[in-house]
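Read through the structure below, which is laid out as structure tokens, and then see the notes.
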Amino acid sequence: MMKKRILFLGLICSLCVFSQEDLQSKVNKLKVKISNSEGAEKLQLMDSLSQLVGSNLKPEFKYDSIVKATIDLAKKEQNYNIATKRTGEYISFLVNQRRNSEAGLKLFRATLDENWEVTDSLSLAVFYTGGADSLLESGFEEESIPFYEDAERLFLGVNDSIYYATTKGYKAYALSIMGEFASASQEYQKALSVLTKMKDYFNIIKLRIGLSILYSQNRFYDEAEKEYLAIDSLSLKMQDYGAYLTNLGNMAYDYAAQGKYKKSIAYNKQKLAVIDEYPEFDFFSPYSFQGLALDYIATDSLDNARLYVRKLKGFLDRDPENYGVKDLYVEAEIELSLAEGNLLKAEGNAKDLLEMRQGTKDYGVIMEVHELLYRIYEAKKDKPQALKHLKIHTKIKDSIESVQKARALSYYQTLYETEKRDSKIAAQESKISLLDTKNKVKQQWLVFGGLGLLAMFSIVYLIRSRKFALAKQNMQEQFSQDLIQEQEQERSRLARELHDSVGQKLMLLSKTTKNSGDHSAESLAKDTLDEVRTISRGLHPSNLERLGLTQAINALVYDINANTDLFFTEDIENIDNVLSKEAELHVYRIIQESLSNIVKHAEAKAVKMEVSKRNHKIYISVSDNGKGFNIETKNKSLSLGLKTLFERAKIIGAQLSLDSEKNKGTVMTLNIPI
């Protein structure tokens, strides 16, 4: 039976947060704006569209054509950072969604030959990760390792610990496929250590899936089962159904490999039941269709086997370019034809399957086809052909098993040597500690008196100095925060005064001038009243109290969009009733000040805003394509407005950061714990 797993690097851990109608509306809106733009502005809009449909891979949005057009336009505009990043994401799509690693690898190597000048480390890291995936899935595991390592280095350079750790996990998976089990295990542990500190449970699940595969490769079925149970519990708790389905498939495969077909059938059916409930994971179905077909063939339930082979064929008819599904279908068809005694059909399909797999360096899957051909020719009584394929199968099998045994032995030896070394070091340290204790006791009494007195004065001095410094810092921070609170109270008071006193009088004046027939005075009174109302809203955002934080932010964006030439791309999740009223006001003020700075100083043409909930945090990003500034110079002399932003962030316990370069725009990000 051919081993078919959904690789953990291809898992989808984030689902679309838009309804289909909202998403379609956003796509249509962007397309209209794209048709009316050109040059750099058009590229930014195309890039936004690629990102939008790339995170919501629905066939009707035609991600392939959109991302290709974006890459072509980026190359034309010589924006190689965007071209590189989108190419990397498109390669990952071809490899992990389309299962067309050949096309992904071809694109990766062609792009490398272009030798673009790329200045953005993140874009290059995404490109290297996609390329490494294409090499790994094409059977070039060893060649994938340097690219995974380059991506690791780049992610670390931009302080992206999560992508650094997950890329290390991908490399560990490649090492395990190569049979470098000891190295793979070490890389998994390093990656898991980073993710555990960050409490990134979604990626922890992915890496534990990789670790379970490593155990399964070495036939540590008990250890693998422990991982499966842990993954099962954690993935359901986190509602990560992609990981949950992958885990069910891996459990089913392991039970089938051990001849426990009833359990394999049960897990595959459980997997399909979950897919029925969550149809967005339908791409997992073919693996269960094939697994059930092969399990039923093995248990002589051919009617059931035919049912799932037909289901597999139906899936392939819907997506004929999916080479992974075609491989699954052809193998299942061969096994069914063999069981039915249709040897001619089985022989033709087996030859086609051998030709499909000859292009890969994965000798294990080639070996399996020769085993199928041996069984077919043996059933046909064609002994010369049967013997030929048996010899090829045996030769490849012996070679693979010999290498695997040597590497597994190395793995066991590494584990043994590590335990032995740790035990020996602990014993030596214990002896050294005992000898040192005896020798030092005499010396300690001689110097203890003098050192103790000196230490006491030093400690008292340090404690007092530290307390003074902390007290001074706390007083400064408290003063700044009190100043902001007083400022808000004064703004609120002024807003009420303007609305209740000046506003009412202006409204009366407006009515009086209207009745008098003096149109000039009437117009002046009306404009003055509108201006007072605008100032009042700026001083105290009434929308925040009436509509909630989310709608208040939307209203702020709408107001600036309507009254300026800025083009807005926004993705704003509902974050109402998550923060306290005081915290909501500070968040609103931070966004208001950021947008005001863009309008006044950035000279930008487009603004992109994102508000979302991620991993128990609210994530807010406001970016523009304006003139930017030197961040190091700015940090030395922050303006009052920027200082206020950072103070507001401190008040609500949030982390605020600014990223900007000359002529490359500015990005403000705010992470608020919830």
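In this chain, numbering begins with 1 at the start of the sequence shown. Every heavy atom of this structure was used, including side-chain atoms; hydrogens, water molecules and symmetry mates were not.
The closest donor-acceptor contact from the side chain of N247 to the backbone of Y228 lies under 3.5 Å. S144 places a side-chain N or O within 3.5 Å of a backbone atom of E141 that can act as its donor or acceptor partner.
Listed by chain and residue number, R306 satisfy the salt bridge (charged side-chain N to carboxylate O under 4.0 Å, His left out) test with E340 (two or more places apart in sequence, or in another chain). Under the rule for a ring-ring contact (aromatic ring centres under 6.0 Å, His included), the partners of F155 that lie at least two apart in sequence or sit in another chain are Y163. Partners of K351 by salt bridge (charged side-chain N to carboxylate O under 4.0 Å, His left out), not counting sequence neighbours, listed by chain and number: E347. Taking the ring-ring contact (aromatic ring centres under 6.0 Å, His included) definition, one finds that Y255 meets it with Y267, sequence neighbours left out. For the ring-ring contact (aromatic ring centres under 6.0 Å, His included) test, residues two or more places apart in sequence or in another chain that qualify with F108 are F127, F147. In this structure N81 satisfies the side-chain hydrogen bond (donor to acceptor under 3.5 Å, both in side chains) test together with T119, sequence neighbours excluded. Residues passing the side-chain contact (heavy atoms from CB on, under 4.5 Å) test with L387 are K391, sequence neighbours excluded. Every residue was checked against the side-chain hydrogen bond (donor to acceptor under 3.5 Å, both in side chains) condition with T84, not counting sequence neighbours, and none meets it. The ring-ring contact (aromatic ring centres under 6.0 Å, His included) test applied to Y278 returns Y241, not counting sequence neighbours. With sequence neighbours left out, the side-chain hydrogen bond (donor to acceptor under 3.5 Å, both in side chains) criterion links S92 to no other residue. By the side-chain contact (heavy atoms from CB on, under 4.5 Å) test, E149 is found to be paired with I145, E152, K171, residues two or more places apart in sequence or in another chain being considered. T167 is linked by a side-chain hydrogen bond (donor to acceptor under 3.5 Å, both in side chains) to nothing, counting only residues two or more places apart in sequence or in another chain.
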N115 vs Y80, test: side chain to side chain donor-acceptor pair (under 3.5 Å). Steps then yes/no. CA-CA 10 Å; N115 200 23; Y80 296 119; over 6 Å; no
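Annotation: the span from L49 atom CG to Q51 atom CD amounts to 10.5 Å, rounded to 0.5 Å.
Annotation for A339 and L302: closest pair CB-CD2, 3.7 Å, computed over non-hydrogen atoms.
Atom NZ of K76 has 12 or fewer neighbouring heavy atoms from other residues, nucleotides or ligands inside a 6.0 Å radius.
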